[in-house]
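For reference, the structure is listed below as C-alpha cells.
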Amino acid sequence: MVVPLSSPRVTDITQRAQNILQHLIGFPTISADSNLAMISWMAEHMERQGARVFLDHDDTGSKANLFATLGPDARGGILLSGHTDVVPVADQDWATDPFVLHEGDGRLYGRGTCDMKGFIAATLAIAETVDSDKLTRPLHFAFTYDEETGCLGAQSLVGVMRDLGLVPDITIIGEPTEMRVIEGHKGCCEYTAHFTGLEGHGSAPDLGVNAAEYAVRYVTRLMELREDLIARAPADSKFEPPWTTINVGRISGGVAHNVIAGKAEVEWEMRPVQNSDADFVKSSMARYCADTLLPAMQAVSPDASITLTTVGEIAGLEPMAVNAARELVAELTGANGADLVAFGTEAGLFQALGSHVVVCGPGSIQQAHKPDEYLEIDQLDACMSMLSRLVRYIS
Ligand SMILES: [Zn+2]
C-alpha cells in the first residue's frame with residue numbers, strides 16, 4: 001500500500017516519480033547488502049511497460065545489474081543509467097528514518113534520494129509514458145550494483161553489453177549534478193605496493209634486504225613521474241590542476257631503529273586526466289620494479305618481492321571534442337555548455353565501451369552521503385522535463 005505524497009506544485013509525472021521513489025527508498029540497498037529485492041521490483045515495473053529485460057548477477061548471486069530496453073531491436077540508441085546501491089547510515093544522525101521517504105519544505109528526504117534513486121525513479125516514471133512502437137531508436141535503462149565500492153557492477157555490465165554488441169550512441173549517467181551537463185571528471189586509481197625484504201641486524205645492512213629503503217626508492221620514482229605527467233597534460237585540459245596527479249597517502253614498515261625492515265607498504269593513488277596516463281604510470285612503475293628494484297633485492301634474498309594490490313580503479317570521463325551526448329543533453333536542459341566535476345562516476349566505463357557520455361541528474365552532490373540526504377522536488381521536476389523532451393526527441 002503506497003500512501004501518495006502530495007505537493008500542489010508538481011506535475012503529474014513528477015508526482016509519479018515521487019511515488020516510485022518512495023518504493024525505492026524503502027529498499028535498504030547499502031553496498032554491502034543484497035539489492036535483489038529492488039532489482040526485481042524494477043524488473044517487474046519495466047516488464048509491465050513492455051521492456052525487454054535481462055539481469056546480470058555477481059558471483060555471489062546476491063546482487064544484480066538490471067538492463068532494460070524499450071523500442072526497436074536496433075543498434076545504438078540512448079541509455080539512462082544509475083546505480084542502485086547507497087552508502088551506509090551507521091554513525092549518522094538522521095532526523096527521520098533514512099529508509100522511509102519523508103517530504104518537507106519542497107524536499108524529499110531519505111538515503112539515496114539524490115545519490116541516486118531520484119534519477120532512477122525519474123527514468124522508471126518516464127518509461128510509463130513511452131509508446132514503444134513510436135520510438136525511432138532504442139531507449140535503454142541500466143541499473144547497477146556496487147558503484148559506491150568501486151563501480152564493480154558497471155564493470156561487469158559493460159562487459160556483458162560489449163559481448164552482446166549493445167553500444168548506445170548516447171549515455172546519460174544521472175548522478176546528482178543539479179541537472180548541469182558534465183562532460184568530464186578525472187579517474188581515481190588506488191594501489192598498495194607491498195615490499196618483502198629480509199630482516200637482519202641493523203649493524204649489517206648488507207646482509208639483509210631493507211624493505212623500507214626499497215619502498216622509499218619506489219616513492220621517489222613515483223614522484224619523478226609527476227614531472228612527466230605535467231608534460232603529458234593535454235594542451236586544452238580544463239581540469240584543475242590540468243594534469244594527472246599522484247599522491248602518496250601512507251607509508252609503513254619495519255619494527256625498530258636497529259632492525260633491517262623486513263616488510264613495508266606504500267599506499268598511493270593517482271587521478272588520471274586521460275586513461276593513457278594511468279597506463280603510463282603503471283607500466284613505468286612495473287618496469288622500474290622488474291628491471292631495477294627486484295634484481296637488487298633478489299641478489300641478496302631470492303624470496304624478496306614487490307607486489308601491487310589494486311584497491312580500486314575508476315576510469316575517468318575524458319572530455320571529448322565531439323560528444324553527441326553533450327550536444328543533446330545541453331539542448332534538452334537548455335544548458336550553456338558543459339562542466340567538469342571532482343567526483344568519480346561509472347561514466348568512463350560506458351565511454352570505454354564506445355558511447356558518447358555525459359553525467360546529468362537531479363540533486364546536489366553536497367547532499368550525497370550525508371545524514372538527512374534530500375532531493376529538491378524542483379530538481380526532480382527539472383529531470384522529468386529533460387526526460388520528457390528526450391522521449392519526444394526519439395518518438
Ligand atoms: Zn552516486
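Whatever order the structure lists them in is the order used to number ligands and atoms, beginning at 1.
Here Tyr374 and Tyr109 bring their ring centres to under 6.0 angstrom of each other.
Shown are the protein N/O/S atoms under 2.8 Å from the Zn ion (ligand 1), given by residue and atom: His83 NE2, Asp115 OD1, Glu175 OE1, Glu175 OE2.
Contact of the Thr345 side chain with the His185 side chain is registered, since non-hydrogen atoms from C-beta on lie closer than 4.5 Å.
Using a 4.0 Å cut-off between charged nitrogen and carboxylate oxygen, Glu373 and Lys370 do not count as a salt-bridge pair.
In this structure, the side chain of Gln155 engages the main chain of Gly150 through a donor-acceptor pair within 3.5 Å.
Annotation: the span from Ile13 atom CD1 to Ile126 atom CD1 amounts to 4.5 Å, rounded to 0.5 Å.
Both tests hold for Arg232 against Phe280: distance to the six-membered ring centre under 6.0 Å, angle to the ring axis within 45°.
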